Structures are given as structure tokens and as C-alpha cells.
Novice: 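My questions all concern the structure below.
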Amino acid sequence: MARRLLSSLGQFLATLLVATALIFVMLRVMPGDPAVVALGINATPEALAQWRAEYGTDQSLAVQYLQWMGGLVRGDFGMSYVTSQDLSPLIADRVQVTLILVGLSMVVALLVAVPLGVLAAVRHRHPSGVALAGISQVGVAVPNFLVGVLLVAVFAVHLGWFPSGGWVAPADDPVQFLRRLVLPVIALGSVQAAIITRYVRSAVLEIMREDFLRTARAKGLTKGAALVRHGLRNAGVPVVTIVGVQLAAMLIGSVVIERVFVIPGLGSLLVDSVGNRDLLAVQAIVAVLVLLVIVINLLVDLAYTVLDPRLRKAA
Amino acid sequence: AGSSSGGSDAPSDAVVIGLTGEPVNLDFTTTSGAAIPQVVMNNVYEGLVTIDQEGELQPQLAESWAVSEDGTVYDFALHDGVTFSDGEDFTAADAVFSIERVQSDAWLNGTKSKMDVVESVEAVSDTELRVTLSRPSNAWLFDMGTYVGAMFSETGVDDLATKPIGTGPYTVESFVSGDRITLAGRDDYWGEEPDITDVTLRYFADAVASTNALRSGDVDMVYNMQAPDLMGQFESDEAFQVIEGTSNGEILLSMNNTVAPFDDVRVRQAVMYAIDRRAVIDAAWAGYGTEIGAMVAPTDPYYEDLTDLYPYDPEKARELLAEAGAENISITFDVPTRPYATAVSEIVVSQLAEVGIDASIQSSEFPAVWLDKVFTQADYQMSVILAVEARDVLATFNNPDYYIGYDNSKIADQVIAADSGTPEEYVSGMKEVVRTITEDAASDVLFLFPNLVVAKAELGGIAANAVTESLVLSGLTWTD
Amino acid sequence: MPVPAPSIPGRSRRRSRPGTQLVVGAVLIALVALVALVSLVWTPYDPVATVASDRLQFPSAAHWFGTDRFGRDVFSAVMVGSQITLIVGFIAVGIAVIVGVPLGILAGMRPGRLGDVIMRGNDILLAFPGLLLAIVFGAVFGAGTVTAMVALGIGSIPAFARVARSGTLQVMKTDYVFAARAANRSEFRIALRHVLPNISGMIVVQCSVNFGIAVLAEAGLSFLGLGTMPPTPSWGRMLQESQQFLGSHDYLAIAPGIAIAVAVLGFNLLGDGLRDRFDPKMRSSR
Amino acid sequence: MTCTDFAVDVRGLTVSAGATTLVDDVTFRIAPGEKVGLIGESGSGKSVTSLAVMGLLPDTLTTSGSVTVAGSDDNLLGRSDARVAKLRGSAMSMVFQEPMTALNPLMRVGRQVAEIMTIHRTASTSEASRRAVELLTDVGLPNPAESAQAYPHQLSGGQRQRVMLAMALANDPALLVCDEPTTALDVTVQKQVLDLVLRSVTQRGTGLLFITHDLAVVASVCERVLVMNRGVVVEEGPIETVFTRPQHPYTRGLLAASDLTATDADGRLFTIATAAGYDPSRLRAPETSVHEQPVASVVAPAPTPDPTPASAERAASPSPIVSVRGLTKTYVRSRSGLFGRAARVDALRGLDFEIHEGERFGIVGESGSGKSTLLRILSGLDQPTSGEVDVVGTSLRGAKEKDLGELRRSLQIVFQDPMGSLDPRMSVGDIVAEPLLNPANLRSGLAASPAERRRLVAEMLDHVGLPTTSVERFPHEFSGGQRQRISIARALVCRPRVLVADEPVSALDVSVRAQVLNLLADLVDEYGLTLVFVSHDLGVVRHLCDRVAVMRDGRIVETGPTERLYESPTHDYTRQLVLATPTLQHTLEHA
Ligand SMILES: Nc1ncnc2c1ncn2[C@@H]1O[C@H](COP(=O)(O)OP(=O)(O)OP(=O)(O)O)[C@@H](O)[C@H]1O
Ligand SMILES: Nc1ncnc2c1ncn2[C@@H]1O[C@H](COP(=O)(O)OP(=O)(O)OP(=O)(O)O)[C@@H](O)[C@H]1O
Ligand SMILES: [Mg+2]
Ligand SMILES: [Mg+2]
């Protein structure tokens, strides 16, 4: 167990190192001189030179990379070329927003999807099960931004039940915070719920064919009880996989929903920074997103170990 | 910062305004773009003079001023008892500092050239300021009413990007990038204190989101609304008022005069004939907008209706193209990623196709890519942009190094003569200049951009005419 | 009988008739493909020509899905939009297959150091979701259809490499591979003759799944303005543009919305159907 | 344990899937303490019958008839799942075939055993866990307290099967159903488990329904037997009677094909088709026949057309075709799933032996003893860790792929799983032709042209008794026995000198097994092959081979001529193995 953890951690760090190098190189190819972008159109050559010296963009790439990495290790993303603001607090803010949005949506999705998926599997021959499977299939096919746009049109604009978007920090006003989250979480969560329902259904269907479930029934459990006691945890492994994959995809995929609901998340910041050619910001955001994805993958790996004793090394 | 939920239950001294196009920071001395002065001018910063809703010069920090006979010496009498938001007194010394700062290296914004005519500035006393110009200029005092003329505190320029300090009625309370800026009214404002003391400017990445927020009561006013097709829905709704203000912004179909095929005046003229500007306004901007024919807003003193110069005439366009040997040409069309630009571009492409110009759209992210590629490097053939600055016809065409690349040899002397002449000579001279530019089809001004404002019916005092970049907040008030 | 046969990838032993999912999926995809093909030679109107006098007309006999704010025929635009959708899907999936599958097979056939290196690289790539790549590539190379499909393609390489590797590992354990090696067949021949055909089922399933993902991602990118550029019709951008007409001209959102859903649903159903057909046991790639 | 006079009473049980009837009108009754066997070939409906009794059939199947279990008075068929669930695990229990998958991999086995008691509230939670350890002790699990804490994957197959048994017996059921509980186990382990089952049911007076395809096993466990064929019970009666005086031809066929010591007039094993000539009563015959038969079997199937009959004693042959010195093989596993296993596995720990041209060399041993590893090394598919291996003049130590062309021309393999060894995506023609594409073969001009290759393939298919039209078809279109023929055809198409076979018949039904063994024997003779034959089944090796090596834990513990080894094993382990292998004769004698 400890060794597995250690090797997971080692892999994690190596992945991170290579990934950051990749990000750095990739973004150096980006067109547009950051100095010109930052200073605007009529800046004098001296001003540009001064700016470059100040921000270190006149240094060699290797030096720039090392400086950047040095900052990363200290949790310092540097200063935005465009806004001249410290990126670290800004990104920290945005990460928080995205994590809340994505996390909450996933929780909601799981709360809906697990029971529905199990139901759809157990009743896979009944009309209700078939209907559930069909609904989830359609749900997967609907783009979440369409759901978002429709939710706004109906519940915010027409009925006025919820705000059409925006973000209020939970500490500032918990009630507003929650009210504003309702629609985006539904938009993001409902499509996720459809995806996860499909996976839960097929995982449970597969588990229902397993011998040990028959054993459990032979012990005197009814079908349902056998499934609950013995099946669900086993079905957990593929579900954890898909939850990990979806979480990783949502971190960036939520940008569309952030746009629809005017939520200042990390993805929106990325798109804005790309538009502003805020090189350092883009670099930092991509690094953070990649870090989060890697962390999710690591957690998924650990979750397997917790769920499945076969993956644990003998002590 | 988060309590500004707006809506009917909002306190009567608060207002939430929805905007699109967020400033990246608040320092217009180093960063270009209209978004910054929109927030801070007249609200946080003030100038010696200001420009009112009708486009007229009005005193602001200067009580009055006198101009010498030869038009080169301006004597300003400044208000007494004006303080900056950091508590410092505003004196003539600050004015000297501010004007000289524009000329120094600290000011990086390109508009600093507007201060080039200033030869010297001196503080005669705490409330007396003398500015000497190198030559008479009709334009200079007007420019002093824009953000070039903003008055800074000598001790308050350390962190312009996030903490602007001015003499205006508001201070910036918070700036949540990607979301909102909040302004708070000052208790110690020297002038009349505004009714609304709690202003939240919320920024929306797209126009529909901002109107949705208005409908759902999250914002009280959407200023410079970018989804004109939604106007109809608001017009028919009692709860809202819809104002079509004027602006100084022209939608300019820029043609690069230095590269083929637009280095040929006939091709440029063909484009002018090929485009049905009324149809462009109708399709791209739901009919809101005014044909003006040249890059001069009707609020400018030297405005002249030139819309008849190039009527919609595709036949003529084809003839001109044939004459220029430019039949069935292909061009690239760099379109900045702004709603008006994408909307305009689609119909322009379609109309150009009618006369045998195959324009392929290339999207340029705005501002960064567009500024870099089109504006700075002039690496483009055709583009479209909303030119928002006031009285910018000369900035655009009287400079062969500008991205338009218009050959200004014909107008350069006329311009100096007009600027240095009497106000009457100024007006007639400028009309002449503008006519020349238009006849040369330097670029096509598609229409004057409307400043569409939608607000709750009870909100009064909306400064709907965007004569300068500034959005004046101090007049706002709830009317019931 | 006494010892259970290992799960062998490949065709199912019973030649069952295709399931409803497969049929419905295939029909939907055929529909989209047909529309795309027809739109190559014929659309009711020129989908990009603006007709100012015809703007914002509700669906009618003349314009089945109405017209947009430029007076363009929505039906024609939806038809042509299917081309972009299919092309993006094909290229994205194609890139992922062409790069991912050989890498996965190589990693599976050389489970030692080489395989480890490949899979580590794959894990790193896994940390870059396709949408993220598309946004960043858009910044680097300019946003557009090509950038989007390449980015989405690269983003799906890990999925294919994983599937191919896990399939290859299973195939390499089978006795028929041992038999082929005992017949002195070269590794390359084994990969070609035994591994590839036997994992092709899983690959096809993965293709179908990723096709759906690519279609959705392209729509999302276009919605953000980072995908297909105007005036080329794209369903995602049509949806984005329809937003300001919601409530007054809903049909502008409905047509592209349904088109996206039909395409994605089609590919997902096809994928599920194929999965059932090829081998229900072979689904998880982890 | 109940006042009823039966453990289970099944009447007119019919199970159908749509239009097809899987089980047709089956009626039987098992008295308390009675041990009844249910035999029949694969697919005859044994499992369906047992699942129907337990109420575990999938919903897609429809049932009629009646099943009554002691403790419930009415027909269980058609009752709700909840109703029947109350009886499962208390009144009736079941042990399944596959010990690898029948236990929940995520739950400690102690809890799984305890659960059956808590479900039926026969014990409180704490009591149940205590009882679980007791039960595990009863079924002879080593360190029961510790084992209770283990997860299934940490136990061996035999141990898992004991856990299943402990579970099944926990609530003293009136009926225990065992569906092939030992087929996945080694013979020695099988013997232990069978003994355990017998002991347990006898002690508790439990009625036993024991399902197997292995006649010897059923003879050693049961008193009464039902013979099933295509869903119909064709014969029923005491073991004695049924096995010695079978009334139904199918029963007779099964018996004949199962008896590897009996051969027909041509010296070939009986199949169901040729069973008419079989005399089942020989199973009952006194001592003499036991002596006589093996002799006959050695003599009979060895017509030895080989001019130099391979005698086991003739070790002095000049150059052995296979020669192995100090062979070891160590696998380094990246991830070890097994309890306390190190990452290194010594699969082979120093082997020395020789095989001579024309010899039929058998290798027996239990699962994991290294038989397959050895074969893989002999065929150049794996590298030895140390030691010298010479096969048909090629030294395999450190040999590169390109040096092996000759070896692969001369040595071919037949594998155990008839489906898994044929690429499902290739036509039979392509499969069989594959060895001909060996560059060494192409160079030798054996089958340089496609036409020539087609001819050779057709000829070979004909030889193994498959129609020539088979070339166009795909493996899934063939039965298990036919597939094994394809495998054999592939192995022999390039006329190798050595044929290596890894458990080629253990996945086959007895009747098919006999056919395939006959075919192998014929072809080995005809082509003058050297045969290396691996099996865990002593009977098969005994029938086919003239010299045998017994493997255990990566070592050869004993080698010698087949008969000597069987009659007078010198090594303890060999003796154990021989004793543990149930044969019809033995069990019937001792019945
Ligand atoms: N759920 C089912 N649906 C349809 N047919 C089935 C089902 N289960 C089993 N069968 C069929 O019923 C027949 C009898 O199967 P069963 O499993 O009882 O055979 P068996 O005698 O136990 O064979 P084996 O020795 O291989 O276990 C087979 O032909 C099988 O294909
Ligand atoms: N590729 C491998 N990697 C690691 N260990 C292996 C490998 N192949 C075999 N082993 C191990 O080597 C030992 C011998 O295995 P082998 O397959 O030769 O046994 P066997 O006698 O053929 O058994 P069976 O009768 O079950 O087929 C076992 O412990 C097995 O787990
Ligand atoms: Mg069975
Ligand atoms: Mg083996």
C-alpha cells in the first residue's frame, strides 16, 4: 500500500514536471508580443524595451522557464503581463469558484445518477428501466450549454425564480451564493447525471451477471438485497473511473456553463486570458488545470485501492 | 462586494449596471481601450473641462478659462476646496503634474500625442493654471475633456492599475476581475454629491447574459447593449425604458490602403458602392444605427451629411472593379471577436460576393491579436472595427503610418491650417478634409454605432449619449 | 468445460441480430451523413447568402426552419452544418486512431520499458483534456475548425492508446498468438494479422464514443466563438447566435439543438450497440 | 432435521427459453442424507436443473412443474423471489463450480460466511463471526481466524471452495446442491474437497445433489445417479446398477468414453458412437481386470509402425531430440496479487531430462507446477533464465527470434482451449496455413506457392476428418472437438518432427475427448512424431504416453516408463497423485 502510494506520488511529480515543460514550450509559440499587447498600440520602443526588461521576457527561454518553475514551487504564478496584477490570488479565487461549481454539480449528478442507474439496470427489462436508459441516452447527447440557455430562458427570464447568473462568494452571502448556483449546477449536473447513469447502469448490469451475486442470492438474499450488499461496491470501480474522467473533463468543460451563467471560473479566465494574450496567466491557468486533472487521476487511482483489495500490495 | 443583488428590493442609493467588455486594469495611462475611461472618467477622475451630453465643452475642475488673442495661452481658474479621494488637495501644481505626465515616459498610451501641442504648463497660484501651446489648436481643449486631460494627484499614481485616485464623486471600492467593479460615492466630494452612492458595474462576456440579468432583476441597466435584436422585447415592456443614445463610435470597414487590391482607389470605391449600409444596419444591428457617410459624428462641429457620396450601386462597383482589373478577387477579412464585428462581417461578405469580391473571414481575437496583427503590424487587407474615440477622423487618416495607411499628402497642410484657424475656419477646413478623405474612399464608415441602453423604467438621469468614452454615473437617480 | 475460457476479444460467438440500439444509432448517423452528402450538391438556399428582406422569418413552406437575422435559410445552414460536424468528428477520431492505436498496440506488445514509456507519455497527455488543448491551440495557431479538430484529436489519443493497449495485452495472452509465434510469424505480422483484427471491435466502439464527444466539443467551442468561423455554418455557433432570439424566435435554437442531439445520440447508440455486439466484457479500458 | 421424508422433491420440472426446452419433465426426489449424482455432457441441462431447484434461474427462462424443499410445504416454482430467498441458505444451499468468481472479491471471507447466518437470523452479528471461524476450522482452512480476515484473492482455489462449503453448511440445510464443485481444482485438492463434502453431509444428514461431468467423481461420492441428456433424464438408479448395467445407450456411451483403460478391437478408445462394443461390467470385474486392462491399454494403442519402437528403457539412443540441463525459469512480476507471494516466481527450478526421437513423453503435475512454462520454453516462446535447452539441434539459450526458424519448422504446438487458440477473425484455411508462412518453410520450398499451400491445407484438414469446405469458415462455426482438430491440423501441416500438446483435451467432453485422443494417437504414429504431452489428468497421460515425468513446484520429482510409475511410484508425491485420481474401477470397487 505504502509503496503503491509512493510510486503513485513519484509518477505524479514526474508527470507534473513534463506537463509544465510542455505547457511552457507550447505557449512560447503563441503569436503576439506580450509587451505590445500590454502597452498598447502606440507604445514607444523604449517603453517596450523597458517593459520587457521588467517582466523578463527578454531573457532566454531556459531562464524564463526556470524562473517560472521556481515561482510555481513557491506557489507564485508571477504577475500578469496585462493587468499587472498578482496572478496567484486571482487564480486561487477562480479555482475555488470552478471547484465549487464542478464539485457540487458532480455531487448532485451522483445523487441522481446512482439510484437511477441502479434502477435502470435492475429493471432493464421493464418499460421503466428502458425509459430511464433512453432518457439518459438522450441526456448525454444534449450539450450542457443548451440546457443552460434553456434554464435561463425559463427559470430566470420568464419565471424569475432564480437569478440568471453571476457569482456571490459563499462567505459574502450564503443565500445568494446558493440561489445563484441552482441553475448552473442543474445545467452542468443534469448532463453529468445522464452520463453517469449510463455507466452505473452498465456497471450494475455487468455485476448482475457475476457469479458472486448468484452466490449471495444462494445465501438467501433477494435480488435487490444481493445487489445492494454485494453488487454496488463492485460496480463502484467503473463508476469511480468515469467520475474521474468526467471531473477532469468538467474542470475545463464547465467554461461553457460559466459563460452562460456569467460565473467567474477558471475556464472563463483562461478564455479571457487567451483573448488578452496574457501569456503568463494562460500558462498559469493551464498549469493549474493540468495539476488538477493529474490530482484527480491520482485520487481515482487511490480510490481503486481503497475500493478493491486486489489492488493492494500485501503488507 | 457580493451584496449588490440589485433588483426592486435594492436600496435607492444603489444601482447595478451591466456592461460588456471588461477593462483588464484601471490604468488608461498605460493600457489602451475604451473600457477603462468608461469606468473612471468623470466618475473617479475629472478633468479641467468636460464634454456634456450634447458634445459641448463644460467647465469641471476649472471654473473658467481665458484664451489669449493668438490662441496659444490658456489661463484656467481652478475650483477651490477640491480634494482627491486620498485626502490631498487638488491644486494647480497637480494639474501641471498631470499634463506634464502625459508628455513624460510614464504615460505609455498612444493618445499622449494629443498633448504634443502643449509647450509649457505653469501653476501661477494654487488655483491659477497657465498652459502655453506651441501653436493655436481648436482640438486641444476638447481633448482635455477626454481622459488625456484627467487630473491626477502627485502622490496618488503608484498603483493606477487597481487604485485610481482622482477628484471625482466616486472611488473604486473593489475590482473583481472577470466579474465586477464596485464604486462608492465619496462623502467629501467637492461638488454636488450624487444620489446613487453604490454603483456596481457587472461585466458580461456576452450580451445576452447581460440582458438576461436585467430581466431577472440582477442588474438595473444595461449600457451599450450589444444584442440589438433584444431591444424589441424590452420596448414593449412597461417595466423597462429603452434609450438609443448617440455615440462617437463609427463602425469602420478598414481597408489597407498600402496593399493590393486596396492600394487602388477604384477598388476601394467599388467596395463603397458594393455595400448597402442600410441593409448592414438592419441585419447586423437590428436597424439601430445611423448612416453618416464619413468618420464624423453628428455631434461634432464639422459634421456634414456625406451619405450620398456612395449610394448602394453594385453595378457601379462591378464597373469600377473591371476598370481596375480586379474582377473576381479574393481577399481576407480580419474580423475582431466582437459581436458587432462578427455580425457586420457576415453581411459584408455576402454583399461583397455580389460584386465578385470573395472575402474569407479570419477571426482575430480582440484585443490582443487584432491589435497586434491588424493595428500594429498592419498585416491585413480588410478589417472592421468600432472606432470609439471622440473626434478621431484625423487620428485615423492624417497619419500614413497608421494601420489604414491613407496617403495624407493631400490633407496634412489643410489640417494644420484648420486647427490653427478661427473656429469658423476650423469647421469649414475640417469639412473639406473629411470630404477629401471620403472621396478617396480611404475606408468605409458603415454606420454610427448607437449607444443602446436598456434600464428599469424607474431609473433616471441616464447619460445615454456616449460622446466621449466615459459613462457618467453621477446623474443617476431612482425616480419614485 | 472445466476451465473457463478467457474472455476473447473478437466477434461474439452467437451471431445475434443487431440490437435496437445499433439499428437506431445507425439510422440516425446515416441520416446525418445523408444530409451532409446532399448538402454538398444541393441546399434549398445558399446557406451563407444574406437576404436582408427575409430576416427572422418563422418556419414556413418556403423556409422550413425559418430564417436567421441575416435572412439566411436555417434549414440550409443546418444541412451544411452537418458537414462540419462530421468532418470534425472524422478528423479528430482519425488522428486519435492513427496515433493512439499503434502506440497502444506497441505498448501492449512490448510491455517492458518501451511500453512503460509510452504509457507514461500517454498519462501526461491525459492531463490535457481536448477542450483545454483546443482553447490553447486556438491562442497559438488561431481558432478555427482545423485547430479544433486537431486539438480534439490529440486530446483523444490517450483513450485510444489505452483501449488498444489493454486489448493487445489480452490478445497477446491468447494461445493463437502463441501459435502464430510458434509458426515464426514476425511481430509486425502478428500485430497486423492477429492483434489489430481482434481489437478492432473495441476500437470501433471507442471511435463511436469519441465521435460523439468530438461533436459536442466542437459545438461547445463554436458556442464560445473558438470553433468554426463564420460564415461557415456550425451548429454550435448557430446555437450561440440564437440566444438573443430566445423567447421571440425559438426555432433558431431548436433546429441546431436537435441536430447536435441527433448526431451525438446516433454515435452513442451506435457505440453501445457495437459494444454489445462485439464483446460486452471488453468495455472498461482501465 | 425435518419431519418430511425428503430433502427435495422435484416433479415434472420443465425449463424453457422461448421455444427451446432446456430441461424436459425432470422428476426426482432426494431423501435426507441421500447423495444423488447428476451427470451428463456439457449443455445437457445439469446447471439449469440445479438453478431451478434453488430458484436462481434468470427471469428470461420459464419454468413449470414443482419443486418442494424440506421445510416448505409448497411448490417453490413461481413463488416470489423474497419467498424463495428465505429458503435459500437455510433449507437449501449451493456450492458453485468456479471458486475464483463465486466469492465477492471486495469482502473478507469471514464476513461472507457470517453473512449467511445474519441474513437468516440464525446468529447475532458477533456470534456469526465467531461461528464463521468455527466453520472455517471445520472445513479445514489453515489458520481459520486469520483466513477469515483474508480477501478471496488471497486464498487458493481449493481454499476458496472450502469457504464456499463452509458458507453452504452454516445453517445446516436439508439440501446441498453442488454444481461441479471440483472441476477447477487439482486432483489432490479435489480429493480433499470431495472428502470434506462427503463427511459434512453425512454428519448432518443433508441431502446432496451433486452435479458433475466426471463419472469417476460421481461414483466416488454418490449412491444414486441421474443421467441427463439434452434436458431429459435418460436413466436413473443406484450407481452400481447404472454404471455396470446401463440401460440407455447414452449412459453406456458416457461410460465407454470415460474409461481410458478400455479400447476397442482397433486399439482405439471408445466414443459414444462406438460404445456398443463396450462392456461396462468390466468396471466391476475383480482384481484381475485391473491388472489386465492397463497392460492391454499399453499394448493396444501402440501398434508402433515406427521401425524403432520407442521403448522407455532405450535411453541410450545416440542423440536426444530434446535435451534439457539445469533449466530454470524465474518470472519477475510487476504486481503480485497473491498472499505473501514475492514478486519473483520460480516457475522452473532446475530440470534435467531428455526426450528421444519417436518417444511419447508425458508431463503431469498440478496447477502451477510449471508444465506450461516448460512447454513454452521448449517451443522457443520464452527464454530460460538459466540452463541449457537443445531442441531438434537448436540451442535455445539466448537464441534470437531469427535463429528459431528451424525449430519452428520442426516443432509445433496444440493448446488446451480449443476456442482461445484459434484466432476468431481468421478463416480456418488461413489459420491452418499460418505455419507454412514460416520463412524457414518457404525457403525450404515446402509450400512456396499459394496453390501449394492451399493443397497442403486441404489435405491436412481431410486428414483430421474435417470437410474441405471448412477452409472458408471461421472457428466459431465449429464445435469444441472440431476446433481442436483445426488446432491439430495447424500443428501438423508443416510436418514437424515434434508435437507439443498442452492439455489438449481437458476442455473437452468425454466423448469428444476420446475422438481427439484417438486422432492424436493415429497421427503421431503416422507421421512418426515425437510427442510431448502435458496433462493434469493421469488417465489421459497413461493412455497416450510411454514415458512420464511428474512435476511439482517447478521440479521433476520422478520420471519413468508410464506403467512403472503408475504401478509402483517411488516418489511420495507421485503416489499421492495416483491415489487422489478417481477412476471408475477404483471407486466402484470400493463402493
Ligand atoms: N439463461 C439461459 N438462456 C437460454 N439458454 C440457456 C440459459 N442458460 C443455459 N442455457 C442453455 O441451456 C442448456 C443447458 O445448460 P446447462 O448450463 O444446464 O448445461 P450443463 O449441463 O450444466 O453444462 P456444463 O457441464 O457445461 O455446465 C445449454 O444449451 C445452454 O446453452
Ligand atoms: N508470464 C508469467 N509471469 C509471471 N508468472 C508466471 C507467468 N507464467 C507463469 N507464471 C507462474 O509460473 C508458475 C508456473 O506456471 P505454469 O503456467 O507453467 O503452470 P502449469 O503447470 O502449466 O499450471 P496449469 O496446470 O494451471 O496450467 C505459476 O506460479 C505461474 O503463476
Ligand atoms: Mg453447468
Ligand atoms: Mg498450464
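Just so you know, these numbers come straight off a predicted model, no measurement behind them.
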Novice: Once you round to the nearest 0.5 Å, how far does CZ of R88(D) lie from CG of L221(A)?
Specialist: 8.5 Å
Novice: So, taking the atom named CZ in R217(A) and the one named CG in L56(D), what distance separates them when rounded to the nearest 0.5 Å?
Specialist: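 Result: 5.0 Å between the selected atoms.
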Novice: Who passes side chain to side chain donor-acceptor pair (under 3.5 Å) against S367(D), sequence neighbours left out?
Specialist: none
Novice: Quick one: salt bridge (Lys or Arg N to Asp or Glu O under 4.0 Å) partners of D138(D), sequence neighbours excluded?
Specialist: none
Novice: Looking at T118(D), N171(D), I119(D), which one forms a side chain to side chain contact (heavy atoms under 4.5 Å, CB included) with K219(A)?
Specialist: I119(D)
Novice: Answer with side chain, backbone, both or neither: which region of L87(D) has an atom nearer than 4.5 Å to a non-hydrogen atom of chain A?
Specialist: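 For L87(D), neither part sits under 4.5 Å from chain A.
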Novice: Can you tell me which portion of M117(D) sits under 4.5 Å from chain A's heavy atoms? Options are side chain, backbone, both or neither.
Specialist: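 Neither the backbone nor the side chain of M117(D) comes within 4.5 Å of chain A.
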Novice: Could you pull out the closest heavy-atom pair between T215(A) and A102(D), with the gap in Å?
Specialist: OG1-O, 2.6 Å
Novice: At under 4.5 Å between heavy atoms, what parts of residues 106-113 of chain D are in contact with chain A? List them by residue number.
Specialist: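 When heavy atoms of chain A are the reference, residues 106-113 of chain D contributes L106(D), M107(D), Q112(D) within the under-4.5 Å range.
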Novice: Are there more than 12 heavy atoms of other residues, nucleotides or ligands under 6.0 Å from atom CZ of R79(D)?
Specialist: yes
Novice: If we ignore hydrogens and angles and just use 3.5 Å, is the side chain of D81(D) paired with the main-chain N or O of T222(A) as donor and acceptor?
Specialist: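 No, D81(D) side chain to T222(A) backbone: no donor-acceptor pair under 3.5 Å.
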Novice: Applying salt bridge (charged side-chain N to carboxylate O under 4.0 Å, His left out) to R214(A) and D179(D), what does each step give before you reach the verdict?
Specialist: CA-CA 13 Å; R214(A) 195 177 55 187; D179(D) 189 356; over 6 Å; no
Novice: Quick check on the interface: out of G55(D), P105(D), P58(D), who has the most heavy-atom pairs with chain A under 4.5 Å?
Specialist: P105(D)
Novice: Under a 4.5 Å heavy-atom cut-off, does chain D meet the side chain of L213(A), its backbone, both or neither?
Specialist: neither
Novice: Measure distances from R229(A) to the heavy atoms of chain D and classify the residue's part below 4.5 Å as side chain, backbone, both or neither.
Specialist: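 Both parts, backbone and side chain.
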Novice: Residues in side-chain contact (heavy atoms from CB on, under 4.5 Å) with V177(D), at least two apart?
Specialist: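 By the side-chain contact (heavy atoms from CB on, under 4.5 Å) rule, V177(D) matches S50(D), M54(D), M94(D), L175(D), L209(D).
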Novice: What's the separation between atom CG in N104(D) and atom CD in E210(A), rounded to the nearest 0.5 Å?
Specialist: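 One gets 9.5 Å once the value is rounded to the nearest 0.5 Å.
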Novice: Tell me whether Y199(A) at atom OH has more than 12 heavy atoms from other residues, nucleotides or ligands lying less than 6.0 Å away.
Specialist: no
